[in-house]
Trainee: 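Mind looking over this structure? Questions follow.
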Amino acid sequence: QTFEQIESNPQLLLNQEEPQKTFRNYQHTSERVVKFYKTNHTIQTLDFVLEKKKGKFLLKKHFVKAKNNEINVVVKIIFDEKGNTYLGSFGSGLFIINDKGEIKNYTIASGFISDQIITLYSDWEGNIWIGTFDAGLIKYSNGKFKNFTEYQNQIGKEIWSITENENHQMFFGTRDYGLGCFDGRKIKMISSKDGICSDYIEALIWDNVDKCLWAGTERGVNKIKLD
C-alpha cells in the first residue's frame, strides 16, 4: 500500500500490529520512496513521525518542505528531550525542527561547514554529534556548533558512525582511519594495525551487558574490549 501524502491530523491512529507492512512503501510528494525508522515507541520517516501511545501509533509531526525546499536524501533522524527533531541530509545539510514545527536548515550557503551529513548521535547530555562526509566531526550544544577540525589529521573527514559508553566516552567510526576514542580532551585511535579487521567502520554500538564496543565494517564485525 502506498501513501502519497498524510495530513497532520492529531486523531489519526494506526494499528500497532502492522506498522511496518503499512509504511513499507510509503512515498512522499516528490515521488521518491523514503525509508522509515521504527523503534518501540516511534516510527520516523522523512515526512512524518508516529509516536506510540496506549498501544497505538499517533501522528506526532508532519513535514513536507523546509523553507520552500524539499528535504533531500535524509540518512539519519534523531530526537532530543526538548522535542526537537534533527534530520541529517546528504546534500542539504542539517535540518532542525522544533516542537512547534518550525524548521531551520543549516547548509554551506548559510555558514555551516558541510552539506553532506552521514550520521547523527545524541549523547547523555543532549548534545548532538554530527558526522559528515567531507568536514569531519561537529558537535551541536546549546544552540552552537563546534567543528572538530583540529582532529582531522587523526580521524579524517569522513565520520560514519558515533556512539558512547556508560562512562560517556565517545567513539567515532571513520573511513580509512579506524576507530576514534574521545575522552573529552584527546582522541586515541584504534586501527587495523592494532588488530581490528578494517579501518572503515560504518556501524558502532556499545554493549552494556558485556561492557564492550561492537564495530561493523565492510570486512566483518569486531567486538572490542577497552581498558
Trainee: Side-chain contact test, heavy atoms from C-beta onward, threshold under 4.5 Å: evaluate it for I117 versus I130 and give yes or no.
Mentor: yes
Trainee: Measure centre to centre between the rings of F133 and F90, then say whether the value is under 6.0 Å.
Mentor: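 Ring centres of F90 and F133 closer than 6.0 Å.
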Trainee: Please tell me if the side chains of Y121 and M170 come closer than 4.5 Å, counting only heavy atoms from C-beta onward.
Mentor: yes
Trainee: Would a single hydrophobic cluster contain both M189 and L179, if residues Ile, Leu, Val, Met, Phe, Trp and Tyr are joined by side-chain heavy-atom contacts under 4.5 Å?
Mentor: no
Trainee: Honestly, is K146 close enough over F148, meaning NZ or CZ under 6.0 Å from the six-membered ring centre and within 45° of the axis?
Mentor: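 Because its charged atom sits under 6.0 Å from the ring centre and within 45° of the axis, K146 does stack over F148.
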Trainee: Got a second to check how far C181's SG is from E164's CD, nearest 0.5 Å?
Mentor: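 Between atom SG of C181 and atom CD of E164 there are 13.5 Å.
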Trainee: Taking everything shown except K100 itself, do over 12 heavy atoms lie less than 6.0 Å from its NZ?
Mentor: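 No - once you tally the heavy atoms of other residues, nucleotides and ligands closer than 6.0 Å, there are 12 at most.
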Trainee: Before accepting this row, confirm whether a basic side-chain N of the pair R185/D183 lies closer than 4.0 Å to the acidic partner's carboxylate O.
Mentor: yes
Trainee: Given S122 and D80, is the side-chain hydrogen bond (donor to acceptor under 3.5 Å, both in side chains) satisfied, shown in steps?
Mentor: CA-CA 7 Å; S122 179; D80 67 18; over 6 Å; no
Trainee: Would the distance check show the side chain of S110 and the main-chain N or O of T107 forming a donor-acceptor pair, the cut-off being under 3.5 Å?
Mentor: yes
Trainee: Assess whether atom CD of E81 is packed by more than 12 heavy atoms of other residues, nucleotides or ligands within 6.0 Å.
Mentor: no
Trainee: How about Y106 and F145: are their ring centroids closer than 6.0 Å?
Mentor: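 For Y106 and F145, the ring centres are under 6.0 Å apart.
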Trainee: Enter the distance from N127:CG to N142:CG here, rounded to the nearest 0.5 Å.
Mentor: 7.0 Å
Trainee: Hey, are the side chains of I96 and Y140 touching, using non-hydrogen atoms and a 4.5 Å cut-off?
Mentor: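 The answer is yes; the side chains approach within 4.5 Å.
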Trainee: Just so I know, are the side chains of T163 and L213 near enough to count as touching, which here means a heavy-atom distance under 4.5 Å?
Mentor: yes
Trainee: Do I196 and I201 touch side chain to side chain, with heavy atoms closer than 4.5 Å?
Mentor: yes
Trainee: Using 30° and 60° as the class limits, which term best fits the ring planes of W206 and F171: parallel, tilted or perpendicular?
Mentor: parallel
Trainee: When you compare the side chain of K223 with that of D210, does any pair of heavy atoms fall below 4.5 Å?
Mentor: yes
Trainee: Between S114 and D134, do the side chains contain an N or O donor and an N or O acceptor separated by less than 3.5 Å?
Mentor: yes
Trainee: Hey, what do you get for OG1 (T217) to CD (E202), rounding to the nearest 0.5 Å?
Mentor: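 The distance works out to 7.5 Å.
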Trainee: So, applying side chain to side chain contact (heavy atoms under 4.5 Å, CB included) with T132, which one of I138, I159, I118 is it?
Mentor: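 When side chain to side chain contact (heavy atoms under 4.5 Å, CB included) is applied between T132 and each of I138, I159, I118, only I138 qualifies.
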Trainee: Output yes when a side-chain donor or acceptor of N147 lies under 3.5 Å from a complementary backbone atom of T149, and no otherwise.
Mentor: no
Trainee: A side-chain contact here means heavy atoms from C-beta on lying under 4.5 Å apart; do I108 and I113 qualify?
Mentor: no
Trainee: Between N222 and W214, does any side-chain donor sit less than 3.5 Å from a side-chain acceptor?
Mentor: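 There is no such pair (donor and acceptor under 3.5 Å, judged by atom type) between the side chains of N222 and W214.
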Trainee: Determine, using ring centers only, whether Y177 and Y200 are less than 6.0 Å apart.
Mentor: no
Trainee: Rounded at 0.5 Å granularity, tell me how far SG in C212 sits from CD1 in I205.
Mentor: 10.0 Å
Trainee: Under 6.0 Å between ring centres: does that hold for W160 and F172?
Mentor: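 When the ring centroids of W160 and F172 are compared, they turn out to be at least 6.0 Å apart.
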Trainee: Can you confirm whether more than 12 heavy atoms, excluding those of K188, are under 6.0 Å from its NZ atom?
Mentor: no
Trainee: With the 4.5 Å side-chain cut-off for hydrophobic clustering, are I224 and L204 part of the same group?
Mentor: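 Result: yes, single cluster for both.
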Trainee: Decide whether L94 and I128 are clustered together by the hydrophobic rule: side chain heavy atoms of Ile, Leu, Val, Met, Phe, Trp, Tyr closer than 4.5 Å, transitively.
Mentor: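 Looking at the clustering, I128 is in the same group as L94.
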Trainee: Out of curiosity, S161 OG to K76 NZ, how far, rounded to the nearest 0.5 Å?
Mentor: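 If we round to the nearest 0.5 Å, S161:OG and K76:NZ are 9.5 Å apart.
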Trainee: Between I162 and L120, is any pair of side-chain heavy atoms under 4.5 Å apart?
Mentor: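 SC-SC contact between I162 and L120 ruled out.
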